[in-house]
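Shown next, in structure tokens, is the structure this report addresses.
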Amino acid sequence: MAYLLVFFVSPMASGVRLAFTSQTGQLGLATIHQLVNDPGFWSSITNTLIMLGLILPVQFALAIVMALLVNARLRGSGLWLYIYLLPLGISELASGILWYSIFTEQGWLNSILTDLGIIHQPVIWLSYQHPLLLICTIVIAEAWRSTSIIVIILVGGLQAIPKDYLEAADVFHASPWRKFWHVTLPLLRPTLRTALILRTVLAFEVFATVIALAGSSLDVLATKANNAYTQFQEPHLAAAYGVLIMLLSLASAALFLTVLPVRTEQAR
Amino acid sequence: MTAGTGERAAATPATAVARPARRQAGWRRTGRTVGRYAGAILLAAWVLFPMYLLTVGAFSASSAIYQYPRALLPHLSLGTMRFFLDSAGVPTALGRSVIVAGITAMLAMAVGAPAGYALARFRFRFRGSYRVTIVSTRAFPVVVLSIPLAVFFLQWGIYDTIWAVALMHTALTLPFVVLITSSVFDSVAVDLEEAAQVFGCGRLGAFVRVVVPLTVPGLAAAGAFSVLMSYNEVFAASILTLERPTLPALVLNALSDSPNPYKYAAAWLLMAPTFIFIFLIRRYILGFGTQSQL
């Protein structure tokens, strides 16, 4: 607990303090002013939000299917679990480079599409001229890498669902689809909420994937924070980005908590 | 949901249902099973195929990397890998990464395992909120923590050292270690511990002779997980180091001006441990899932 105090609470407090003091050490909104006028500030916010909006549905669809399959006790269920969890141990950076090797101009995707005769000259997927396309490649890379953590949480949730409910549904000859929609999904709601919150917070931190795929042609909030610190040596500005990320994370957590209320009898 | 319940669903109405209908239900069940396996294989391919492509990239000669279109079945060559390992700073950075991961695992276990035990065994006040706090610390972005910490470490004079990165990584992995170890301790029945006490063990004796042997694999898994997380972590490592980066930080800084073979070899080396580590911890890691149900 003391460790947490030292490494979470105190940096948090001094991070806020850093953000609200200027380079010269005055307390005030100077850094915030600098933040808002930072070139690329607004585009980094919109990029982050678009990315988030695309990642969540893709990733949750994937994760729910994976979790249901793991839980369905197929033959070799340990093997499936192993495969689906593999990306958990892969760093953001490695996965960014991996997808770079696929999407780059002379990369695997173009190469395979050419072999299949679908395209005749390489398509440029990673270009600063098509930020939306860039975001899509990042979304794919992230959906590939970080679905595992959601799978873990969802499998935990699925195993906590009492068998009785599904057996009751069987008595009424419910189809698998209806069982999923009317029994599993509502009971999984608290779990989904936890996973959503965790995933959203982590998505605000996506960083190395962006650098590996887009270099400097696309900015998200975390890359701006890192650049402010490492390239421009402006810890105050970097801390301001950090605080903004934290506020957005807290806001989205609060949003999920209010939009998806969990009634206490369900939470049991 | 499972095959078992599916069979029961088909078996219950058997007396009332005529034979053709039953055969139809059987076909539907077979179709469902086939569908499940097809889905599982498809998703496995989605996970594995990109890894295969990266491996091909890392183990073909650099001339093959610049060839287009690329060959899916490569001529194996260690040239690219050797080129990367001979690059300036790579071996030392790799060594540093390994040491940082080791220190992180030891610190995280020393602090996290007792906390996990307390969470699993003692019904203290605020136990629920303690768990919520631990889960939610993970919700605070690394970005927010690393920048002020960099300033602290500068003041303490440990900026740009192995210890700075290890301390930060410990803080990051701690929530996971606490939750995983707590699920591991949960799986050992209290009765066993109490039985040992009946036969004359002290509380500590019972812990050392009964609980520890039963939980060693699980605890090792928690440690292995923190090694993996530390080895992979980029953001804090890049902020907290300057001249002495860990491997991910080194690669990140070199990214914009390094050739593709360098990148692929680096990414492969960063990816490789997952195959062993996830295999070792796949059962225990699910404990994190069950424990994080708020």
Side-chain angles (χ1 to χ4, degrees), chain A residues 3-4 7-8 11-12 14-15 18 65-66 69 72-74 80-94 97-98 101-102 106 108 111 114-115 144 152-153 155-157 160 166-167 170 191 194 201 204-205 207-208 211-212 215 222 225 229 235 238-239 242 245-246 249 253, chain B residues 1-3 5 8-9 32 36-37 39-40 43-44 47-48 50 53-54 57 68-70 111 137-145 147-149 151 171 174 228 232 234-235 238-239 248 251-252 255-256 263-264 266-267 270-271 273-275 277-279 282 285-286 288-290 292-294:
Chain A
Y3 199 94
L4 289 182
F7 283 93
F8 283 99
M12 200 77 65
S14 67
L18 269 178
V65 176
M66 284 182 181
L69 285 172
R73 310 232 174 280
L74 297 178
W80 301 116
L81 181 70
Y82 170 60
I83 293 174
Y84 297 155
L85 293 191
L86 273 177
L88 182 73
I90 295 179
S91 85
E92 234 195 292
L93 182 61
I97 297 176
L98 188 160
S101 82
I102 290 175
Q106 305 212 320
W108 290 109
S111 172
T114 310
D115 284 345
W144 179 79
I152 292 176
I153 296 178
V155 169
L166 291 169
E167 281 168 10
D170 280 334
T191 310
T194 311
V201 171
F204 279 116
E205 292 181 38
F207 158 68
I211 294 192
Y229 187 85
I245 291 173
M246 183 176 75
S249 306
Chain B
M1 190 91 324
T2 63
T5 52
R8 193 170 314 160
R32 215 172 277 152
R36 274 188 196 140
Y37 278 102
L43 282 170
V47 172
L48 292 177
L53 292 180
L54 181 68
Y68 185 86
R70 306 269 295 274
V111 181
T137 47
R138 194 57 201 88
F140 291 119
V142 197
V143 183
V144 192
L145 301 176
I147 291 159
L149 271 180
V151 178
L174 208 48
L228 199 57
N232 285 335
V234 195
F235 190 95
S238 117
I239 293 271
V251 173
L252 182 79
L255 208 56
S256 56
K263 291 184 190 177
Y264 299 162
L270 284 172
M271 176 177 84
T274 193
F275 294 102
F277 279 71
I278 296 291
F279 182 77
R282 67 193 193 287
I285 193 81
L286 288 178
F288 173 75
T290 43
S292 58
Q293 314 291 325
L294 297 178

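We use all heavy atoms of the structure for the numbers below, so side chains are in, but hydrogens, waters and symmetry mates are not. Proteins come first, then strands; the chains are lettered A, B, ... in the order of their sequence lines, and each starts at number 1.
Looking at B:Y264, the atoms closer than 4.5 Å to chain A (heavy atoms on both sides) sit in the backbone and in the side chain alike. Proximity to chain A is absent for every atom of B:P273, based on heavy atoms less than 4.5 angstrom apart. For chain B, the nearby parts of A:L93 are the backbone and the side chain; heavy atoms of each come within less than 4.5 Å. For a residue to count as touching a neighbouring chain, one of its non-hydrogen atoms must lie under 4.5 Å from one of that chain's; by this rule A:I83 touches chain B with backbone and side chain alike. At a 4.5 Å heavy-atom cutoff, A:A253 makes no contact with chain B through either its backbone or its side chain. Heavy atoms closer than 4.5 Å to chain B are found in both the backbone and the side chain of A:W144. With a 4.5 angstrom heavy-atom cutoff, B:L255 touches chain A only via side-chain atoms. Both the backbone and the side chain of A:L86 come within contact range of chain B, each with at least one heavy atom under 4.5 Å from a heavy atom of that chain. If you measure heavy-atom distances from B:L228 to chain A, the contacts under 4.5 Å come from the side chain alone.
Scanning both residues, A:V201 and A:S249, for their nearest heavy atoms gives CG2-CB, 3.9 Å. For the residue pair B:A40 and A:Y84, the shortest heavy atom distance occurs at O-OH, 2.8 Å. In terms of heavy-atom proximity, B:F275 sits nearest to A:Y82 at O-OH, 2.7 Å. B:M271 approaches A:A94 most closely through the heavy-atom pair N-CB, 4.4 Å. The heavy-atom pair separating A:G89 from B:T274 by the smallest distance is CA-OG1, 3.2 Å.
Inter-residue side-chain proximity for A:L98 and A:I102 is flagged as met; some heavy-atom pair is nearer than 4.5 Å.
Taking chain A as the reference chain and counting heavy-atom pairs below 4.5 Å, the highest number among B:L53, B:V234, B:L270 is found for B:L53.
For B:F279, the CZ atom sits in a loose shell: 12 or fewer heavy atoms of surrounding residues, nucleotides or ligands are nearer than 6.0 Å.
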